[in-house]
There are 2 protein chains.
Amino acid sequence: MNIVVIGIGLIGGSFAKDIKKLNPRSEIIGIDKSESHLDEALALGIIDAKGDYGSLASADMVFVSIPVNALMQELPKILDTAGDETVVVDAGSTKSLICQVVANHPKRRNYMACHPIAGTEFSGPSAAIEGLYDGKTNIICEVEKTAFKLQERALAVFQEIGMRIRYMNPEAHDKHIAYVSHLSHISSFMLGKTVIEKEKNERDIFDMAGSGFESTVRLAKSSPDMWTPIFEQNKDNVVETLEEYIQNLITFKKLIEDNDFERVHQEMSNTNKIKQILKGIPLTKK
Amino acid sequence: MNIVVIGIGLIGGSFAKDIKKLNPRSEIIGIDKSESHLDEALALGIIDAKGDYGSLASADMVFVSIPVNALMQELPKILDTAGDETVVVDAGSTKSLICQVVANHPKRRNYMACHPIAGTEFSGPSAAIEGLYDGKTNIICEVEKTAFKLQERALAVFQEIGMRIRYMNPEAHDKHIAYVSHLSHISSFMLGKTVIEKEKNERDIFDMAGSGFESTVRLAKSSPDMWTPIFEQNKDNVVETLEEYIQNLITFKKLIEDNDFERVHQEMSNTNKIKQILKGIPLTKK
């Protein structure tokens with residue numbers, strides 16, 4: 001298989017690593033706006049060669065893993081130059097606007113809208129890891145708009161790297177992903193901000209921080225270049241989840257202020273059921 | 001050494017395991033209001049025998065790891081029955097009220113106020129793990145009020161199990177721990193609540209949740225019995241941290257609503273420095 005990965009960071013690099021491991025004879029061409037990322041990916045053996053959009057015509061599969069604002073600009077151009085038999089998949093964390101921007105593209109049938117739910121808080125080619133996608137969920141939107149033969153090819157690859165497939169429409173994807181992903185990132189960033197602001201003159205205080213703080217604030221290490229356009233594209237859903245989250249925090253604070261610790265206990269007990277829910281979430285092996 | 005552990009769950013059980021590993025000839029007596037916890041701890045070999053407060057007079061060290069509301073009631077009684085040469089240490093996550101309740105106790109010099117910053121989101125004797133304290137910080141408050149010989153004995157034990165010691169007054173402890181621990185727990189519980197409420201009729205949605213969500217919501221599995229009294233005892237500090245956190249969330253939401261994505265990016269970039277800060281936090285090996 002001849003595969004082109006556009007955006008050779010954590011997501012694209014991990015995809016390339018899995019492909020190479022499963023099919024050592026695949027040729028993987030990398031495209032990235034950062035020349036140093038490309039050099040790094042070459043040196044790490046993640047890609048076999050550097051390419052450009054001229055490489056797309058003969059590709060069996062193009063995997064596009066770039067920030068969602070760049071995706072909006074590049075995806076139509078990528079489809080313009082893709083071959084008639086090329087399947088183009090993306091890894092964008094939003095789906096509605098992405099699907100809209102190519103809705104009337106003459107090569108819409110060459111595109112499969114995907115969101116592989118996988119990642120870590122790190123970025124760049126050196127963050128790429130083998131097996132990142134194993135056991136993880138890949139949300140596919142508007143599958144009926146992709147040519148059947150091309151669906152099959154992409155699905156076979158996703159199956160090979162161990163992904164579970166779920167089908168969803170772009171609006172439902174964006175609504176639910178705001179809760180289970182975008183909100184977590186904002187809660188973590190704002191937790192980090194609150195603590196850094198308060199403790200900026202007291203460096204020793206972080207000696208007091210344990211693994212619980214580390215876990216809760218982990219996502220605040222994430223890339224602003226990646227996350228700003230996600231919040232922009234999913235603005236309405238993100239604002240709605242934030243409103244509900246803020247309201248829950250205000251209510252909880254009020255219970256503490258009112259010394260209603262019976263209800264404080266009850267709120268936490270009710271939320272403990274997250275234990276059962278989390279059992280179903282596959283973790284990244286590091 | 002003759003050691004009594006009062007409250008034989010994750011914290012007390014892990015302490016007992018380390019003591020036993022380092023000093024196989026130590027006798028460890030367990031006290032717990034739950035008979036089934038005691039039976040479990042005996043069966044797991046975490047303790048050598050069950051005891052009661054009559055066991056305290058001849059103990060070299062008493063480790064008290066019970067919820068902080070129980071600690072307020074029990075600590076004076078524990079000191080009443082402790083021997084003249086017994087050092088009593090606690091593991092409470094709040095320190096001001098605990099120190100106040102024994103401030104004028106005739107055996108105040110037998111008590112050393114401690115907060116070992118270690119734990120997981122699990123509880124009970126079966127959650128106890130070896131090496132939990134290795135490389136972690138133990139905050140000691142009002143050390144000057146503990147008899148010098150007894151300080152030495154307790155510090156030797158903490159050193160043996162690998163803890164770093166930091167000295168702090170109880171008020172400073174409670175203020176800072178609200179930021180780096182108590183707030184993380186509330187942000188996580190309310191994140192869990194927001195998502196569960198929204199998605200209660202859509203079980204499949206949790207297929208969309210990745211390891212980022214899992215990490216951010218991990219603390220929402222914590223025990224309400226342990227955390228309710230912590231929030232109660234540290235009410236003023238917790239309310240203050242919550243107010244700042246809520247304000248930061250409101251500001252961030254406003255930036256998104258106003259389409260000021262340059263500042264959204266900047267807020268996240270500024271918070272990325274948490275990477276450097278987190279490098280200093282020792283993680284629990286599981």
Side-chain angles (χ1 to χ4, degrees), chain A residues 117 137 166 176-177 179-181 184 186-195 198 205-221 224 227-228 231-232 235 238-239 242 244-246 248-250 252-253 256-257 261 264-265 268-269 271 274-275 277-278 280-281 283-284, chain B residues 117 137 166 176-177 179-181 184 186-195 198 205-221 224 227-228 231-232 235 238-239 242 244-246 248-250 252-253 256-257 261 264-265 268-269 271 274-275 277-278 280-281 283-284:
Chain A
I117 316 275
T137 302
R166 295 287 181 274
H176 295 300
I177 204 75
Y179 283 92
V180 294
S181 167
S184 305
I186 296 176
S187 81
S188 193
F189 268 109
M190 291 303 105
L191 178 65
K193 180 185 170 166
T194 306
V195 175
K198 192 64 185 188
I205 288 315
F206 289 100
D207 281 349
M208 297 177 76
S211 56
F213 178 67
E214 202 281 341
S215 172
T216 320
V217 88
R218 178 167 77 85
L219 298 180
K221 300 186 224 171
W227 283 95
T228 304
F231 299 148
E232 185 170 4
K235 176 179 164 176
V238 167
V239 165
L242 264 175
E244 290 169 20
Y245 182 54
I246 291 167
N248 282 329
L249 285 161
I250 289 171
F252 196 80
K253 179 169 81 78
I256 295 178
E257 286 172 320
F261 291 100
V264 165
H265 187 283
M268 290 193 282
S269 293
T271 306
I274 202 82
K275 281 180 208 176
I277 293 168
L278 290 176
I281 299 180
L283 296 180
T284 299
Chain B
I117 316 275
T137 302
R166 294 288 181 273
H176 295 300
I177 204 75
Y179 284 91
V180 293
S181 168
S184 305
I186 296 175
S187 79
S188 192
F189 268 110
M190 290 304 103
L191 177 66
K193 181 183 170 169
T194 305
V195 175
K198 191 65 185 187
I205 289 315
F206 288 100
D207 280 349
M208 297 177 75
S211 57
F213 179 68
E214 203 281 341
S215 172
T216 320
V217 87
R218 178 169 76 87
L219 298 179
K221 301 186 223 171
W227 282 96
T228 305
F231 299 148
E232 185 170 3
K235 177 179 162 175
V238 167
V239 166
L242 264 175
E244 291 169 20
Y245 182 53
I246 291 166
N248 282 329
L249 285 162
I250 290 171
F252 195 81
K253 179 169 81 77
I256 294 177
E257 286 171 321
F261 290 101
V264 165
H265 188 283
M268 290 194 281
S269 292
T271 307
I274 203 81
K275 281 182 207 173
I277 292 167
L278 289 175
I281 299 179
L283 296 180
T284 299

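Because the structure is predicted, anything quoted here is derived from the model rather than measured. Throughout, a chain's letter reflects where its sequence line sits, starting with A, and its residues are numbered from 1.
The CD1 atom of A:Ile246 sits 8.0 Å away from atom CD1 of B:Ile246, with the distance rounded to the nearest 0.5 Å. The OG1 atom of B:Thr194 sits 7.0 Å away from atom CG of A:Leu249, with the distance rounded to the nearest 0.5 Å. Atom CE of A:Met268 and atom CG of B:Leu219 lie 12.0 Å apart (nearest 0.5 Å).
With contacts defined as side-chain heavy-atom distances shorter than 4.5 Å, the pair A:Ile256/B:Ile186 qualifies. Using a 4.5 Å cut-off on side-chain heavy atoms (C-beta onward), A:Met208 and B:Thr137 make no contact.
At distances below 3.5 Å, not a single donor-acceptor pair connects side-chain atoms of B:Tyr179 with backbone N or O atoms of A:Ala209. In terms of modelled atom types and a separation under 3.5 Å, the side chain of B:Lys193 and the main chain of A:Asn248 share no donor-acceptor contact. B:Thr216 places no side-chain N or O within donor-acceptor distance of the main-chain N or O of A:Thr216, the cut-off being under 3.5 Å.
Summarising the geometry of A:Ser187 relative to B:Leu191, their closest heavy-atom pair is OG-CD2, 4.0 Å, with the distance given to 0.1 Å. Contact record, B:Met190 with A:Tyr245: C-CE1, 3.6 Å, taken as the closest heavy-atom pair. A:Thr228 approaches B:Phe261 most closely through the heavy-atom pair CG2-O, 3.3 Å. Nearest heavy-atom pair, B:Ser211 versus A:Arg218, reported as atom, atom and distance to 0.1 Å: O-NH2, 3.2 Å.
Residue contact with chain B, scored on non-hydrogen atoms closer than 4.5 Å, is absent for A:Ser181.
Chain A forms more heavy-atom pairs under 4.5 Å with one residue of B:Ile177, B:Val180, B:Val238 than with any other, namely B:Val180. Chain B forms more heavy-atom pairs under 4.5 Å with one residue of A:Phe252, A:Phe231, A:Phe189 than with any other, namely A:Phe189.
Partners of B:Glu244 under the salt bridge (charged side-chain N to carboxylate O under 4.0 Å, His left out) rule, at least two apart in sequence or in another chain, are A:Lys198.
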